[in-house]
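Positions are given from 1 along the sequence. As a basis for the values below, the full set of heavy atoms in this structure was taken, side chains included, without hydrogen atoms, waters or symmetry mates. For ligands, and for the atoms within them, numbers begin at 1 and follow the listed sequence.
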Amino acid sequence: MIMKYNFVKEFILNEGATPSIEDHLVQLKLPYARGDLDPIMSEDTINYHYGKLYKGYVDKFNSGEGDPDFNEAGAFLHKIYFAQFQSPSSSKPAGEILEFINKHHNSFNDLKAEFEEVAMKIQGSGWVYLAKNGQIKTIKNHAIRSDIVLLIDWWEHAWALDYQADKKKYLANIWKIINWSIIEQRIATTDR
Ligand SMILES: [Fe+2]
């Protein structure tokens with residue numbers, strides 16, 4: 001079964017580019033090499049998470065296998081997730097994105113602490129994200145949301161290979177690979 005792809009969803013997926021209606025999903029082409037996020041996110045994790053799991057949601061949706069809503073939402077979230085990374089660096093939010101963080105969370109350190117607090121309360125599989133209104137929100141399993149500006153995959157497959165049971169360390173490290181210019185673009189273009 002081929003589902004019509006929603007206009008609003010496609011708009012979000014394309015990071016503000018001219019929207020178009022698609023009748024199938026296309027996996028994001030990574031804007032970095034699979035080994036570029038190491039050691040924060042290893043090539044093995046990318047091979048499994050991007051190369052098998054995320055690809056699986058896209059392929060299953062396109063072939064009509066399984067629950068189309070679940071697979072579409074899985075593909076949607078992973079596209080946002082994998083698009084927001086860059087090679088590890090000491091770069092921190094600055095300029096408009098830092099103003100946004102300070103306005104809603106006092107400081108970048110406070111934002112990180114609040115993310116950890118919210119994420120650790122998630123039971124089972126899910127996602128935690130910074131929303132366009134500045135709030136930190138969660139998603140149980142998978143769901144399509146139109147207000148995501150920074151998204152953390154909290155499913156076990158996102159951290160277990162690199163961090164074993166230490167998901168707090170996965171979250172503490174992930175800030176080193178966030179591409180803040182992407183986050184700033186999303187704040188400017190994402191729906192409320
Ligand atoms: Fe995932």
Nearest heavy-atom pair of V149 and Q84: which atoms, and what distance? O-OE1, 4.5 Å
S125 and N141: side chain donor to acceptor below 3.5 Å: no
Same cluster (ILVMFWY, side-chain, under 4.5 Å), Y50 and L25: yes
Salt bridge (charged side-chain N to carboxylate O under 4.0 Å, His left out) partners for K121, two or more places apart: E117
Tell me, which protein N/O/S atoms are under 2.8 Å away from the Fe ion (ligand 1)? H49 NE2, H78 NE2, D153 OD2, H157 NE2
Would you say the rings of F61 and H24 are close, in the sense that their centroids are separated by under 6.0 Å? no
Quick check: do N179 and I183 have side-chain heavy atoms less than 4.5 Å from each other? no
